Amino acid sequence: MTTANMVQAVNMAMRQELKRDKRVMVLGEDVGLNGGVFRATDGLQKEFGSERVVDTPLAELGIIGASIGLAVNGMLPVAEIQFSGFMMGSFDQIYSHAGRIRMRSRGRFSCPLVIRTPYGGGIRALELHCESNEAIFSQTPGIKMVVPSNPYDAKGLLAAAIRDPDPVIFYEPMRIYRAIKQDIPDEEYVVPIGKANVIREGEDLTLIAWGSMLKTSTEAVDKLNNKHSVEIIDLRTINPFDAETIINSVKKTGRCVIVHEAIKTGGFAAEIIATINDKALLSLEAPVMRVTAPDVPYPLAKLENYYLPSHERIIKAIEKVMSWNSLYYFHLSHFQ
Amino acid sequence: MPKKTLNEFKTEYLQVLDENGNIDASLMPKLSGQEIKKIYETMVLVRTFDQKAFNMQRQGRIGTYIQIKGQEASQVGCAIALNDDDWIFPTYRESGLLIARKHPISQVLQYWSGDERGLKAPDGINNFPISIPVGTQLPHAVGAGWAAKLRKTKQVAVACFGDGATSKGDFHEALNFAGVYNVPVIFLCQNNQYAISLPRSRQTKAETIAQKAAAYGISGIQVDGNDVFAVYMAAEEAAARARKGEGPTLIECFTYRLADHSTSDDAQRYRPKEEAEYWRKRDPVQRLEKFMEGKGMLDDNHKKEASEKASARIETEVEKFEKIKSSSPEDIFRYVFAEMTPRQQEQMKDILGER
């Protein structure tokens, strides 16, 4: 066991995989000598050499485009994009190519590529350093999309991503990079992609979150001092997401709140709600509510607390869903 | 303090075979009579295919097709310099290169008829699926070449693109990466003078595309793209240097698209008639014929024979193509991931009417 935070867990996963398989390589801006701007790749170049842990020119499209070629011709590249806000420069490569290679070559070629990037706000960073645009990649067929919320999962999910035969985007929540410490095994393990985690069981309401919002949501629930029995689900994978765990939970509780840092319209919560409508509509005791960012560009530091879901907004949503009385609203709509 | 010149660059131009069929013997690559005959037959095959595919589009037997007429020497010349396990990253205007690289002709037609199975390269031949967004395939070639270097496979990766692609950021990032990591890559630019309607002069103020290599610290050369010997020689040399660890090369094949941009385009809207006339006199196939006739390697009978042989082969392939059964709807789910997701399984059943 090692006590590790999220950055250290990510580092452990890459070290483990670089040791395990000589096809694995790490590349990106400042990942070598400097060990990454968040130190996620600290010490890796020293241990594995500059051919396997590679400092690249400052070029997001080039990093991802070259990684696609590396993956297609037998390597297992783990590319870092320094901040998720800079992913857009490489989006053409991800959307037009990485997710389509197996399909277009009818299985003759594949693209086992991992793209790691820190995402999310709450650290008073510069513009375009705080985005939470994971839903874009749920609309990108052929791409898997993973967001860990704690060090144990970060190590296990990143190992699973590197071993996955298809392209995986791995979002690392910057805000909790160093906020949570856990004892995590030194031995190899994987956390499977596509499986959600019920981190707390409950009877009254299902709360779904991922990444840094899991910590915020759990804290909000704790503030309620067991007033309601809340089941908390860590989604862990956005694409392909674990509908089964969500549906089983909502069938039990009949109530649901989803919290995400991304903007509301077209956010991933909308897909979850549509799935609940598909498979568990008659179990619902109240409409499913979302606590999200508003449909505006990420604001600079002074106003970011208004943008990000807060304990107060999460508690308000939980209370609203818990106090929902369908008969009352039925009367209201009929006799107004 | 006087200004100093930090560096100067020069751009070489290579032509072995001129438009009248004369060669510069000192530059002529070592090719046997048999090999030259094979090159000629491949070029005739490619041209016959191109015309057939165009006709089939007009008859509604395939969808939109991208013609290659005029660029046969650039494509065949490059193909013969490569090994099967070398990589090509082609564009949509590369049917000639694919055919010369053993991609089954029936499959090329299959792709243009709207069936992705046509893109699946035969085992052992690394023909990557053609790239549709312009220039996006250049960095893939860099990555594939880089992997070849790391894995010591001695493979070379070829990025194919046109003059239009050199305006894209992908071109810059790819050539820059290739230079930095000194990878075994050939950037094969077929400068056919037009990106749909826009002439080369409006893509860049640079006098040549080849000279752009200098800015990345890599080798660059312009060749007569209608001269199959020059293209072969430049590609052969670039591949040999790449295999020896001497890094990437940018080859600008100076050529001309004799046809429209695509079967939906009308080049008369933007190109003067005389221009096509000028280039028709420099036709890559006719030029090789003149050379071979001069050497006593070809006469009218041989020409007819080559043409009939090509037509017969194309007809057989067309028959084969037209007998291909359309794929099942499961096919669109099967290859997205190594394993289908639960949602995809559900959606597939939905489409198949099983739910």
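Treat the numbers as computed from the prediction; the structure is a model and nothing was measured. Here is how names work: the chains are called A, B, and so on, in the same order as the sequence lines, proteins then strands, and each is numbered from 1.
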Can you find a heavy atom in the side chain of Arg104(A) that is under 4.5 Å from one in the side chain of Ile132(B)? yes

Taking Met103(A)'s backbone N and O only, do any of them form a donor-acceptor pair with Arg334(B)'s side chain (distance below 3.5 Å, no angle check)? no

Derivation of the salt bridge (Lys or Arg N to Asp or Glu O under 4.0 Å) call for Glu346(B) and Lys279(A): CA-CA 12 Å; Glu346(B) 208 178 285; Lys279(A) 313 229 174 202; 2.7 Å; yes

Among Leu61(A), Ile63(A), Ile143(A), which has the most heavy-atom pairs under 4.5 Å with chain B? Leu61(A)

Which region of Ile130(B), side chain (C-beta onward) or backbone (N, CA, C, O), has a non-hydrogen atom less than 4.5 Å from a non-hydrogen atom of chain A, or is it both or neither? both

Side-chain contact test, heavy atoms from C-beta onward, threshold under 4.5 Å: evaluate it for Val336(B) versus Arg100(A) and give yes or no. no

Heavy-atom pair of closest approach, residues Ala147(B) and Leu70(A): N-CD2, 3.5 Å

What pair of heavy atoms forms the shortest contact from Gly107(A) to Tyr335(B), and how long is it? N-CD2, 3.7 Å

Where on Gln155(B) is there a heavy atom nearer than 4.5 Å to chain A: the side chain, the backbone, both, or neither? side chain

Assert top hit (heavy-atom pairs under 4.5 Å, partner chain A, pool Ile332(B), Thr153(B), Leu138(B), Val183(B)) equals Ile332(B)

Selection from Glu339(B), Gln344(B), Arg151(B), His172(B) maximising heavy-atom pairs under 4.5 Å formed with chain A: Arg151(B)

Go through the atoms of Ala174(B) and report whether side chain, backbone, both or neither lie under 4.5 Å from a heavy atom of chain A. neither

Within a reach of under 6.0 Å around CD of Glu244(A), are more than 12 heavy atoms found that belong to other residues, nucleotides or ligands? no

Is the number of heavy atoms from other residues, nucleotides or ligands under 6.0 Å of Tyr95(A) OH greater than 12? no

If we count only N and O atoms by modelled type, under 3.5 Å, do the side chains of Gln93(A) and His140(B) hold a donor and an acceptor together? yes

Validation row: Met25(A), Leu150(B) side chains within 4.5 angstrom (heavy atoms): yes

Take atom CG of Leu33(A) as the centre, draw a 6.0 Å sphere, and report whether it contains more than 12 heavy atoms from other residues, nucleotides or ligands. no

Which pair of non-hydrogen atoms, one from Ser105(A) and one from Lys120(B), has the smallest distance, and what is that distance? O-CG, 3.3 Å

Side-chain heavy atoms of Met75(A) within contact of Trp146(B), under 4.5 Å: no

The interface call for Pro122(B) against chain A, heavy-atom contacts under 4.5 Å, is backbone

How far apart are the closest heavy atoms of Tyr181(B) and Asp55(A), and which atoms are they? OH-O, 2.7 Å

Non-hydrogen atoms of chain A under 4.5 Å away: do they reach the side chain of Arg117(B), the backbone, both or neither? both

Check whether the side chains of Asn126(B) and Arg108(A) place a donor and an acceptor atom closer than 3.5 Å, and report yes or no. yes

With only heavy atoms counted, which part of Ala141(B) is less than 4.5 Å from chain A, the side chain, the backbone, both or neither? neither

NZ of Lys252(A): more than 12 outside heavy atoms within 6.0 angstrom? yes

For residues Asn127(B) and Phe109(A), determine if any side-chain heavy atom of one lies less than 4.5 Å from a side-chain heavy atom of the other. no

Got a sec: does the CD of Glu246(B) have more than 12 other heavy atoms crowding it under 6.0 Å? yes

Would you mind checking which part of Asp166(A) comes under 4.5 Å of any heavy atom in chain B, side chain (CB onward), backbone (N, CA, C, O), both or neither? side chain

So what's closer than 4.5 Å to chain A heavy atoms on Ile125(B): side chain, backbone, both or neither? backbone

Under 4.5 Å to a heavy atom of chain B? For Leu76(A) that would be neither

Closer than 4.0 angstrom, basic N to acidic O: yes or no for Lys149(B) and Glu51(A)? no

Structural part of Lys22(A) lying under 4.5 Å from a heavy atom of chain B: neither

Considering all heavy atoms, the nearest Arg102(A)-Ala338(B) contact: NE-N, 3.4 Å

Side chains of Thr341(B) and Asn239(A): does their closest heavy-atom pair fall under 4.5 Å? no

Per-residue contact mode, Ile68(A) against chain B (heavy atom under 4.5 angstrom): side chain

Which of Gly74(A), Ser96(A), Pro165(A) touches chain B most, by non-hydrogen pairs under 4.5 Å: Gly74(A)

Over 12 foreign heavy atoms within 6.0 Å of CD, Glu330(B): yes

Any Pro57(A) side-chain heavy atom under 4.5 Å of Asn176(B) side chain: yes

